[in-house]
Number of protein chains: 2
Amino acid sequence: MKRPTIADIARRAGVSKGAVSYALNGQPGVSEATRKRILAIAQEIGFNANSAARALSGARARAVGLTLCRPARILGIEPWFMGLISGFEAELGAQSYALTLQVVASPEQEVEVYRRWWGERRIDGVIVTDLRENDVRIPVLQQLQLPAVVIGGSGEAGAVTQIWSDDGGAITEAVRYLVALGHFRIARVSGVPDLLHTQVRTKAFNQVCASLGLTDAVTVPADYTGEEGSRATRRLLIGGDRPTAIIYDNDVMAVAGLAVAQEMGLSVPGDLSIVAWDDSPLCSLVHPPLTALSRDVSGYGAQAARELLNAIDGRRVGNVQAQTAHLTPRGSTAPPRP
Amino acid sequence: MKRPTIADIARRAGVSKGAVSYALNGQPGVSEATRKRILAIAQEIGFNANSAARALSGARARAVGLTLCRPARILGIEPWFMGLISGFEAELGAQSYALTLQVVASPEQEVEVYRRWWGERRIDGVIVTDLRENDVRIPVLQQLQLPAVVIGGSGEAGAVTQIWSDDGGAITEAVRYLVALGHFRIARVSGVPDLLHTQVRTKAFNQVCASLGLTDAVTVPADYTGEEGSRATRRLLIGGDRPTAIIYDNDVMAVAGLAVAQEMGLSVPGDLSIVAWDDSPLCSLVHPPLTALSRDVSGYGAQAARELLNAIDGRRVGNVQAQTAHLTPRGSTAPPRP
DNA sequence: CCCCGTGACTTAACCGGTCAAGTACACTCC
DNA sequence: GGAGTGTACTTGACCGGTTAAGTCACGGGG
């Protein structure tokens, strides 16, 4: 089926291509009557502007890019990204921007993809997640002057727009809550230590534990996968002075930890309290349902997309703080057994 | 930063734009020496062909589209889609095709998105999931002559390329296995009944149960969410003659079912055996780990992407059967207690 | 009556590739 | 020596939009 172009509309309306372009874009230069006639014809023949032609003549590509840098096996089960993506979509769809996705294996590959996308004029901007210390992607974004918004990390991305939430505050709340319940041997299973938000959380965790006099607070690094979550949990629980509460950096590891505890015959929350991060439906799915640090992930995504569209339109906003995760107590936390 | 074009390369190499185009695309018409020189310059200045210009002059957009038609809250936790997506990517990335994503609310919206994408020449083809009976999308795909591959559903999509797996065979295997263990009150919690693969499974389930003389085999429809999975499970377990085994249409509902059983004080697998569909890491994460109908979801996705690229290149292949899901026994199934 | 301003268009260049058709030159062969 | 055949390019049209610049008719003011 031959797809209609503005030339087709022009012919049928008996005007020039230019007039059609003005009419469709709401620009002055055509009378109201002609505009209506042209719009009616466009509607009738199901016209959609060729995005390539539009992009070619200097306009936007009307697409933004997202790279995901986690192994496929983690992506599938990690609710975080899908939550983010559906948030992006809510915002982008409304402005009829498309979202282009690419799964990569390393930050270096991400840089390659950014360069390629930008060179191909395929996208107008990118959303950057999983910020690291001295992230290789930031200088490239600046060099390319590629509009971007960085999720997580406040101030670490130089001049690039950033959106972040106060993870330190959230973890502090979680620790205080556990201490209030009577716990004093609290451990933590963290995500990938290279990631900036992991470091923020670790620092805050150490700080609040120190300030509350919890001397044996320990963080075991893991990688967000269930397997590593199980391994870390096992390591913590077979020790002599085993913790009475564990905080996990995501819900997948928390669920895995719960399974390990059950497998070892420990009761949750009787023998072990569990706090998860990122309250996906997964947390309420298991038994007992997990106490979690909740936040509106898809709202976070929507906000990020909004900021990116701002950045693309040249309205720069330096640094946006999103809602802080708040504690949602459920059945997996209780005072420790005496 | 000004992005380099073939004109820039042409100037530096002292040849015409046309020669550069031939050189970059591996076409005859330039000498080997010139080609090398041009490629070196392209490499040096970091050239990437403008995809809009390329698409405009009749070539491919080098992008394929995927619409996801499930509520955001399900998408996040449903490992199936992310598995598929990472499979697509593995294949598309290798051919440097981009994947464009759109989350929609209804099949009608999906149709709209297809029309828009096609009109905008934004994509070369689409991947269609969640086939329904008399699916409204199929005639539109044919009308637009939009290359497509339909996942799930063999024969129901007319002339469109399809890829499917033998879900009936898989569920038959699961029922036979449970019967061999000694179960005869087997229930099933299904996915959305409108979806074609749900119907295939239901039919096969009823058939094998009838042939094995299981008279009270019942299917409770749900919608793939944890909440519905819990509700359906509760409904099944509070009845008088409660089943000793339940088969779930996805792993999220199976995990929810496990939690309900534990909450009701039933032991799994002692009092209740559980079989999940789509063996994501989630199944091995919980305690006990779930027996599942496994398949290589991301391999399935890769195969679908391959078929789509074939269809785009005009190499039509009618109907491809993917690997049948096979039973992976784990801790959630055992003979029923006498 | 003429000039000027304005609204409603048309014209044509341009974006950055692709590709059919044309050209220039070397080389072979009768 | 001239026709014929390649090879290695160049030229220029074209894809489908956008947009600056140009045209033309009409109306009002001096």
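Numbered from 1 within each chain, the chains take letters A, B, ... in sequence-line order. Any value given below was found using the heavy atoms of this structure, including those in side chains, with hydrogens, waters and symmetry copies removed.
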Between atom [atom1] in [X] and atom [atom2] in [N], what is the gap in whole Å?
X	N	atom1	atom2	answer
A:Asn50	D:dG16	CG	P	7 Å
B:Ile9	C:dG16	CD1	P	13 Å
B:Arg121	C:dG16	CZ	P	20 Å
B:Leu24	C:dT18	CG	C1'	12 Å
A:Arg11	D:dG16	CZ	P	11 Å
A:Tyr22	D:dG22	OH	P	13 Å
B:Leu56	C:dC15	CG	C1'	9 Å

Between [X] and [N], is there a contact of a side-chain N or O with OP1 or OP2 at under 4.0 Å?
X	N	value
A:Asn25	D:dT18	yes
A:Ser16	C:dT10	yes
A:Ser57	D:dG17	no
A:Arg54	D:dT18	yes

### Query
From A:Thr5 OG1 over to B:Arg121 CZ, what is the distance, rounded to the nearest 0.5 angstrom?
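A:Thr5 atom OG1 to B:Arg121 atom CZ measures 8.0 Å (nearest 0.5 Å).
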Given [options], which nucleotide is nearest the side-chain atoms of [X]?
X	options	value
B:Phe47	C:dG17, C:dC19, D:dG16	C:dG17
A:Ser21	D:dG17, D:dT18, C:dT11	D:dT18
A:Thr5	D:dG16, C:dC9, C:dG16	D:dG16
B:Gln27	C:dG17, D:dT10, C:dC19	C:dC19

Looking only at the side chains, is there a donor atom on one of [X] and [Y] sitting less than 3.5 Å from an acceptor on the other?
X	Y	answer
B:Ser165	B:Arg295	yes
A:Thr67	A:Glu110	yes
A:Asn48	B:Trp118	no

### Message
Categorize B:Val20 for me: base, sugar-phosphate, or nothing, with a 4.0 angstrom heavy-atom threshold over every strand shown.
### Response
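No contact at all - B:Val20 keeps every heavy atom at 4.0 Å or more from the nucleic acid.
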### Query
Is any side-chain N or O of B:Lys17 under 3.5 Å from a base N or O of C:dG16, one able to act as donor and the other as acceptor?
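For B:Lys17, whose side chain was compared with the base of C:dG16, there is no donor-acceptor pair (under 3.5 Å).
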### Query
Do the charged groups of B:Arg60 and B:Asp313 touch, with an N to O distance under 4.0 Å?
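Yes, this pair counts.
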### Message
Do the side chains of A:Glu120 and B:Arg62 get close enough for a salt bridge, i.e. N-O under 4.0 angstrom?
### Response
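Answer for the salt bridge query: no.
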### Query
Near DNA chain D, under 4.0 Å by heavy atom, which residues of residues 28-43 of chain A?
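Here the set is empty: none.
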#### Entry: Short side-chain to backbone donor-acceptor contact, A:Asp124 and A:Ala61, under 3.5 Å
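It does hold such a pair.
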